[in-house]
Amino acid sequence: MKNKALNLRISERRLNKLRLYSAQNDKTMTHVIEDFIDSLEVKNGNSSSTPCPVNPAD
């Protein structure tokens, strides 16, 4: 698996909340976000880490 970078803009309050949650659960912020993404249900009912195309017609 090739890793990609993600840049996002969030409020300082949310960033601090993520930092605190990560520290309290002994996880990296990346791991917390990956766990959340993996928990998302997609329309086909699959919560795997296989990316779904944004535009399947392409």
Using residues 16-24 as the side-chain source, report each donor-acceptor pair under 3.5 Å to any protein atom, sequence neighbours left out, with the distance given to one decimal.
{"unit_1": "Asn16", "atom_1": "ND2", "unit_2": "Glu12", "atom_2": "O", "d": "3.3"}
{"unit_1": "Ser22", "atom_1": "OG", "unit_2": "Leu18", "atom_2": "O", "d": "2.8"}

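- Interatomic distance, CD1 of Ile33 versus CG of Leu8, reported as 6.0 Å (0.5 Å rounding).
- Considering OG1 of Thr30 and CG of Asn3, their distance stands at 9.0 Å, rounded to 0.5 Å.
- In this structure, CD in Glu34 is found 7.0 Å from OG1 in Thr28, a value given to the nearest 0.5 Å.
- Side-chain contact between Met29 and Leu15: present, with at least one pair of heavy atoms (C-beta onward) separated by less than 4.5 Å.
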